[in-house]
Amino acid sequence: MRMLESSATFLRGHFSRRIFTIPTATLNRLINDHLRDNGLVEARRIFNQNRTSLDISTWNMMISVYVQRGLMLEAHQVFDQMPVRDVVSWNTMFMGLKKNKDPESVLRHFIEMRRSGLNPDELTIAAIIDAVSGPGSKVLVLQIHTLAIRLGLSLSAYTGSALLRGYTSLRDLRGLERVFKEILLKDVVSWNVLIMGYMKLGFVEDGERAFAEMPERNIVTWHTMLIGYINNMEMDKARDFFDKMSQRNVFSWTVMINGYVQCREFKVALLLFREMVESWSNRPSHYTFSSVLKACAASSSLLMGRQVHSMISKRGMACDVVLSTSLIDMYAKSGDITAASGVFKSMPVKNTASWNSMIGGFARHGLGVEALEEFERMVQCGYKPDQVTFINLLSACAHAGLVEEGEKQFMLMGRFGITAEKEHYACMVDLLARAGQLDKAERLIKGMPFEPDFVIWGALLGACGLHSCLELGEVAAKGISRLRREHPAAYDVLCRVHGEKGDWTSVMELRRLMRKTKAKKQDASSWIE
DNA sequence: CTAGGGTTAG
C-alpha cells in the first residue's frame with residue numbers, strides 16, 4: 001500500500017512538470033490496485049490526472065467499477081466524457097442500467113450506439129433482449145433476434161440463453177425450442193434456461209424430459225426444477241425432488257420452505273425450517289428468515305416468531321430493512337403490537353414498506369389514531385406514501401370509526417400522486433357503511449370509475465346486516481350474484497347463505513368469509529399446539 | 001477493460 005502511494009505521488013509530481021506517457025498497463029494496474037484496497041477516490045484522482053493519455057480500456061475499467069458499486073451517476077459521468085467509446089464501454093453501461101432496473105434507458109442507449117455506427121456483440125444482444133423482454137414487446141424480441149442472426153451471433157450459448165429468456169417472456173414455446181436447437185454448443189446454462197422456460201410456460205413434463213436428457217447438471221439445474229415444480233403447484237413432486245437432491249445448500253432449503261409458504265402450508269414450512277436448523281447442515285440466510293417470518297405471521301405463531309427473532313439476534317445477523325419489516329409484520333399479525341413498534345423504532349433505515357407495515361399493524365389492532373400519527377411522521381420524515389400506505393391508513397380509520405379523518409385522507413391521496421384504486425374504494429365503502437352512512441356508501445359505489453367487485457359489495461352487504469337495512473342489502477346481494485361468472489366459488493358461498501332469507505347472522509358469516517378471502521389469511525392457529 | 005441461469009418485505 002505504501003508503495004502504491006509513493007508511486008502515485010511520483011506520478012503526480014512528474015505530471016505537473018513534464019509530459020510523458022505512462023504505459024497503459026502500468027496505469028491500469030495502479031488504478032486497479034487502489035480499487036482493490038477500496039481507494040476509489042485515489043483511483044479516480046490518478047485517473048483524472050492522466051486523463052489526456054488514457055487508454056480506452058482504462059476508461060472502461062473505471063466505468064465498470066462504478067457500475068459494480070451501483071454508482072450510475074459517476075459511471076455516466078465518465079462515460080459521457082470519453083473521447084471515443086467501444087463496444088465494451090456500451091456493454092458496461094447496459095449492464096449498469098440493467099442492474100438499476102432501467103430497461104427504457106438500455107433501449108435508448110442501444111439506439112444511440114447503433115447510430116454511432118458500432119456493431120453489437122454477444123453481450124450487447126443479451127443485454128438488449130433482457131431489456132425488451134416482457135409482455136407486449138413481441139416485435140422487439142423478434143427484431144433483436146433477427147439482428148443477432150444477421151450478425152452471426154444467434155448461435156452462441158451466451159446470446160442463446162438471453163434469446164431463450166426472451167421467447168419465454170413472450171410465452172412462445174415454438175420460439176423457445178427453435179432457439180435452443182439453433183445453439184451450436186449447448187452448455188449447462190442453455191439447458192437450465194430451457195428448463196426454466198418450459199416450467200414457466202407450464203410444460204412440466206417437457207422440463208422433466210430436458211432434465212433427463214441433459215449431459216451435465218449443476219445445482220442451479222436442481223433449483224430450476226424445484227422452483228418449476230413449486231410454481232406449477234406440484235408440491236409433492238417438489239418435495240420428492242428436494243429429498244432426492246444429492247447436494248443441498250441454503251438456497252435449496254429456502255426455496256422449499258418458501259414454496260410451502262406460497263401455497264399456504266405454513267406449518268409444514270415451519271417444520272422444514274426446524275429440520276434445517278436442527279440438522280446444522282446450512283445456516284439460514286436473510287431469505288430464509290424472511291420466508292419463515294412470513295409463515296409465522298400468517299399462522300399467528302407468536303412464540304415461533306419470537307424464537308426466530310432471537311435467532312437472528314444471536315447470530316449477529318445484520319437486520320436489514322427487509323428483515324426488520326418482516327419482523328414488524330410478524331409481530332403485528334400475531335398480536336404483539338408493542339414488539340412491532342419496538343422493532344420499527346429501532347430501525348436506523350426505513351423505507352415505504354416498513355412504514356406501511358407499521359401503519360397496517362396499527363390498523364389491524366384498531367389503533368386508528370396511532371396509524372394517523374404514524375402517517376403524519378412518515379410524511380414529515382420525507383417518505384413517499386404509496387397505494388398500500390393509503391389502503392392501510394383508510395382501513396385503520398374504518399376499524400376505528402374515524403369517518404371524517406378517513407374521508408379527509410381519501411380526498412388528499414391525489415396530492416401524493418396516488419389515484420384511488422378498487423381497494424381504496426372498498427375501504428371507504430366499509431368505513432361509511434359501518435358508520436351507518438349507507439346512502440353515502442351507495443353513492444360512492446355508483447360514482448366509482450370501475451365496476452364494484454366482490455369485496456366492495458361484501459363490505460356493503462355486511463354493513464347492511466349490521467344496520468338492518470334490508471333494501472340496500474338486497475342491492476348488494478344482487479351485485480354479488482351478478483359477479484358469479486367471475487367468482488364461481490364465492491357465488492356458492494352466497495347461495496348457501498342466501499337460501500336462508502332474512503337471516504342476517506348468516507350474512508355476517510358471509511362477510512367474515514369474504515374479509516378472510518380478501519386478507520388471504522389462514523385460520524389463526526398457534527405453532528405450539 | 002464488459003460476462004448469461006436459481007429466492008426476500010407491505
Side-chain angles (χ1 to χ4, degrees), chain A residues 24-25 27-28 31-32 54-65 67-68 75 85-96 98 121-127 129-130 156-165 168 183 187-197 199 218-228 230-231 249-259 261-262 284-294 297 320-330 332-333 350-361 363-364 385-392:
Chain A
T24 303
L27 244 183
N28 281 357
I31 291 175
N32 233 334
L54 287 175
D55 187 87
I56 192 159
S57 68
T58 312
W59 284 92
N60 289 341
M61 198 172 67
M62 208 62 213
I63 297 175
S64 164
V65 169
V67 161
Q68 273 162 24
R85 298 186 262 263
D86 65 4
V87 66
V88 176
S89 332
W90 288 99
N91 287 346
T92 311
M93 283 306 287
F94 292 147
M95 274 173 265
K98 192 174 127 188
D121 67 0
E122 295 183 297
L123 274 71
T124 322
I125 298 290
I129 283 284
D130 281 335
S156 93
Y158 193 98
T159 312
S161 67
L163 284 167
L164 291 171
R165 262 174 283 131
T168 303
I183 300 171
D187 60 13
V188 65
V189 178
S190 325
W191 283 94
N192 287 349
V193 181
L194 176 73
I195 292 177
M196 199 178 68
M199 290 303 204
N218 61 14
I219 190 139
V220 179
T221 318
W222 290 80
H223 291 152
T224 307
M225 289 294 290
L226 195 59
I227 293 163
I230 290 170
N231 288 340
N249 59 19
V250 208
F251 196 99
S252 334
W253 285 93
T254 307
V255 166
M256 198 64 229
I257 291 170
N258 194 43
V261 175
Q262 271 172 31
S285 67
H286 281 94
Y287 289 101
T288 325
F289 282 126
S290 209
S291 284
V292 170
L293 285 171
K294 202 171 170 179
D320 63 4
V321 192
V322 176
L323 209 46
S324 304
T325 304
S326 303
L327 278 170
I328 295 169
D329 200 45
M330 181 277 295
K333 283 186 179 152
K350 301 179 171 86
N351 64 15
T352 304
S354 352
W355 287 96
N356 289 351
S357 283
M358 197 61 243
I359 294 170
R364 189 175 298 275
D386 63 7
Q387 313 266 6
V388 183
T389 317
F390 279 99
I391 293 172
N392 290 346

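Note that the coordinates shown come from a computational prediction; the quantities given were computed from them, not determined experimentally. Below, read A as the first sequence line, B as the second, and so on, with proteins coming before strands; counting in each chain starts at 1.
Checking A/T224 against A/T221 by side-chain atom types alone, no donor-acceptor pair falls below 3.5 Å. Residues A/S326 and A/D329 bring no donor and acceptor atom of their side chains to less than 3.5 Å of each other.
Among residues two or more places apart in sequence or in another chain, the side-chain hydrogen bond (donor to acceptor under 3.5 Å, both in side chains) test is passed with A/D187 by A/S190. Taking the ring pair (Phe, Tyr, Trp, His ring centres under 6.0 Å) definition, one finds that A/W355 meets it with A/F344, A/Y383, sequence neighbours left out.
Closest to the side chain of A/L123, out of B/dG4, B/dT8, B/dT2, is B/dT2. Of the candidate nucleotides B/dT8, B/dG6, B/dG4, B/dG4 has the atom nearest to the side chain of A/A157. Minimum atom distance to the side chain of A/F251 is reached by B/dG6, of the listed B/dA9, B/dG6, B/dC1. For A/M196, the listed nucleotide lying nearest its side chain is B/dG6; candidates were B/dC1, B/dG6, B/dA9. Of the candidates B/dC1, B/dA3, B/dT8, B/dC1 carries the atom nearest the A/V88 side chain, counting heavy atoms from C-beta on. Set against B/dT7, B/dT2, B/dA9, the side chain of A/M95 has B/dT2 as its closest nucleotide. Here the nucleotide nearest the side chain of A/N351, chosen from B/dA3, B/dT2, B/dA9, is B/dA9. For A/S190, the side-chain atoms get nearest to B/dG4 when compared with the rest of B/dT8, B/dG4, B/dG10. Candidate nucleotides B/dC1, B/dT8, B/dG10 were compared by shortest atom distance to the side chain of A/D329, and B/dG10 ranks first.
Contact annotation for A/Q262: backbone-only contact, meaning every heavy-atom pair under 4.0 Å involves sugar-phosphate atoms and none involves a base. Heavy atoms of A/S291 sit nowhere under 4.0 angstrom from any nucleic acid atom. Within 4.0 Å of A/S89, counting heavy atoms only, lies no atom of the nucleic acid at all. Residue A/T92 is in sugar-phosphate contact alone, with no base atom involved, counting any heavy-atom pair closer than 4.0 Å across all strands shown. Residue contacts for A/N218: at a heavy-atom cut-off of 4.0 Å it reaches a base atom on one of the strands shown. Using a 4.0 Å heavy-atom distance criterion, A/D187 is classed as a base contact. Contacts of A/V189 with the nucleic acid, taken as non-hydrogen atoms under 4.0 Å apart, include base atoms.
Put simply, the side chain of A/D386 and the base of B/dG10 share a donor and an acceptor less than 3.5 Å apart. If you check distances only, the side chain of A/N356 never reaches the base of B/dA9 with a donor-acceptor pair under 3.5 Å.
Of the possible donor and acceptor atoms, none in the side chain of A/S64 sits under 3.5 Å from a partner among the backbone N and O of A/N60.
Rounded to an integer number of Å, the gap from A/L293 CG to B/dA9 P is 12 Å. As a whole-Å value, the separation of A/L323 CG from B/dT7 C1' is 14 Å.
Here the closest heavy-atom approach between residue A/S161 and residue A/V189 is recorded as CB-CG1, 4.3 Å.
Residue A/N91 places no side-chain N or O under 4.0 Å from the OP1 or OP2 atom of B/dA3.
With centroids closer than 5.5 Å and planes inclined by less than 30 degrees as the test, A/Y287 and the base of B/dT8 fail to qualify as a stacked pair.
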